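A short worksheet on the structure shown next.
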Amino acid sequence: MATIRREVIIDRPADDVWAVVGDVANTYRWFPGMVSSDVEGDVRTVVTAAGVTLPEQIVTVDPILRRFQYRVTAPIITGHLGTIDVFDLGDGRSRVAYGTDCEPAAMALMIGGAAGSALQELRRQLESTPEPAPTGDA
Amino acid sequence: MGRKILFVTTDQQRYDTLGCNGGLVGRTPVVDRLAAEGIRYERAVPQSVVCMPSRSTMLTGQHPSTHGVWMNGVPLPVDAPSVAAELQRSGYRTALVGKAHFEPFMDAFGRFTENMLARSGEETKQNPWADGTVGPHRGFEHLEFATHGAAGSLHYAQWLLLNHPEAMGMYYSAIDGNFEVNAAGDGATGAPQVHDNPIPRDWYHTDWVADRTISWLDSLDADDDWFCWMSFPDPHHPWDPPASEMGRVDWREVPLPAGYPTDRAERERILDDKPRHWRLWYDGTLVANYEAPKQWVPATLTDDQVREVNARNAVEVELIDEALGRVLAAIDAKGWGDDVDVIFTTDHGELQGDFGLLFKGPYHVDGLMRLPLVWRPARSSGVAPAVVSRPVGLVDLAPTFATIAGLEPTPWMQGSPLPTDEADAEARGFDKVLTEWDSELFGVAVHVRTITRPGWVCSAYRPGAAHDGTEGELYDLVHDPLQQRNLWDDPAHAATKADLLADLWDSQPPPHQPRLAVEAPV
């Protein structure tokens, strides 16, 4: 199975990043070319700007590990696992890795390529959002 | 009123397919006449032998390392430098009709502007240019796209679907069910990417590109200056010209190309003299790039398949020539005949049987690297006909367009305006051209850097899937025009090799930062 991995470092704490990544019904808000991402149970249905509907099986939404995994189940894709991991770098920043394992291989490039631009957009949105003001509770 | 520019490109066309370059299979009287009236270049070299990087070089006037499109599937940044933007800024009307391919075709998420425009039906989109100006996409006021056949969502496919839906299935499917380049073929010989296409000629994409170009030109005022890039998708495979035209060339009568050794042992000896990825591909062991069908083994290629591919290619070349003739007649009818510069070229070549291979890949030899290039300056410019044998590059096109329009080439352009004759070429130091290849596909990497100088071509391989960084190719273009004897390890040519390599590494263009990502197969 073809495998692609894209990564980005975001100048925001891991919990802030996971709050966006883990909200899997709203992925379309930061994924260029994704028009909608509706969730019903463990099924997510993505519609793209090219008019393609991609049914997906949600595999993992783990807020402790900060991992989201899903499988595209469209018939033209014979095997797929998408994995988004948010890692805490310990200095107020996060590393986000988006893995795409896919068959046919050419689809891995298409999905992985889109995932790469999605990570750039995720960083842009998060880093352009002001950090929450300190609460003074410490 | 200044000089107008008709920039004509084809896709994957060999130097020797034009009559003016010695081609004997297809007839190309229109381009031959342009060559007789203008300047014919005998050693025009691309900066990449695949579409997206090479086309990006034409537009930006930069080498692939610098514009950043290092392999197919890497989109040219929307705000990359563009000679079309410079021309539009100076008052030129600008259009691109046909195959652009600065952005990937395969676009399941509909992210790329070329695909978006075809879906929306808008003529262009306002986007940022390199200097921050906001203007039409890459400087083109009018964009209408086509590619090979009816696949995808580009303008031609939509036109065909709307007007002739019954023709959608007539074309060969260039991509198979696994989204790989299709290895199947029918025709008479079963050669890959060969197909009998029943589509009527006037529905075929070559005539559509000419029709849409004429339509755009007709929309202009008589005193407009304009730059029109007319970009034919042929003769790139699939080789499926309209069946009605197949009688032009009888494939059984087509001579085998000089670069195709008919003796298998001789063919394999020549391949074994080259870096090992050549033979690995031939044997079907290593397919380094997406552009070659993964399921096809070149060692199975037959003499008749080579003949049929060359015959069909020649038919497609003839159709392009005739379509160009129609456009030139329309230009004359508008009264612009004396004020139009016509530049005809292609993005890269095609192996077309050389060494027993088809298609393209990391193989820097004449089949892929020696391109047709003809510049017929506007008659009003008074430039005399000439032949230039010194090497020039597609990187020289953008500054040529700027100069025709009376503009200074911009600092970001890395080439020079094309020489108008051999003396001009010598005086201005046209003594080398660079070509590069980088591909990284599912763990298989190939990296090549090449220099072409008068009489010589030298390629050095950086470490990759099949190379340790010591391999290379050195060919004497005068005594070995078919590049069948690799002199890389010949002690008698060590000094020549050292000189070429020193020049090659000293001349490398600055890299784009950051390195751009591959976002689709093609």
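On a predicted model such as this, the values are computed, not experimentally measured, just so you know. Below, read A as the first sequence line, B as the second, and so on, with proteins coming before strands; counting in each chain starts at 1.
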| query | Considering all heavy atoms of both residues, which atom of A/Gly90 and which atom of A/Asp88 are nearest to each other, and what is their separation? | reply | N-OD1, 2.8 Å
| Which heavy-atom pair separates B/Ala174 from B/Pro238 by the least distance, and what is that distance? | CB-CD, 4.1 Å
| task | Go through the atoms of B/Leu441 and report whether side chain, backbone, both or neither lie under 4.5 Å from a heavy atom of chain A. | result | side chain
Polar pairs (donor with acceptor) under 3.5 Å from chain A to chain B:
{"from": "A/Arg6", "atom 1": "NH2", "to": "B/Val518", "atom 2": "O", "distance (Å)": "2.6"}
{"from": "A/Thr48", "atom 1": "OG1", "to": "B/Ala108", "atom 2": "O", "distance (Å)": "2.7"}
{"from": "A/Ala49", "atom 1": "O", "to": "B/Arg119", "atom 2": "NE", "distance (Å)": "3.4"}
{"from": "A/Ser117", "atom 1": "OG", "to": "B/Arg111", "atom 2": "NH1", "distance (Å)": "2.8"}

| said: For chain B, which candidate among A/Ala115, A/Ala105, A/Gly112, A/Ala108 shows the most heavy-atom pairs at distances under 4.5 Å? | reply: A/Ala105
| note | Heavy-atom closest pair (B/Pro75 atom, B/Leu516 atom, distance to 0.1 Å) is O-CD1, 4.0 Å
| Validation row, ring centre B/Phe112 to ring centre B/Phe102 under 6.0 Å | no
| query | Are the side chains of A/Asp85 and A/Val96 in touch, meaning some heavy atoms are under 4.5 Å apart? | reply | no
| field | Evaluation steps, side chain to side chain contact (heavy atoms under 4.5 Å, CB included), between A/Gln57 and A/Asp42 | value | CA-CA 6 Å; A/Gln57 185 75 39; A/Asp42 61 356; 2.8 Å; yes
| request: Against chain B, label A/Ile77 side chain, backbone, both or neither, depending on which of its atoms sit under 4.5 Å from a heavy atom there. | output: neither
| task | Check A/Met110 against B/Ala108 and note the closest heavy-atom contact, atom names and distance. | result | SD-N, 3.8 Å
| request: Compare all side-chain heavy atoms of B/Leu351 with those of B/Leu358 and state whether any distance is below 4.5 angstrom. | output: no
| field | Top of B/Gly177, B/Gly443, B/Gly73, B/Ala520 for chain A proximity - count of heavy-atom pairs under 4.5 angstrom | value | B/Ala520
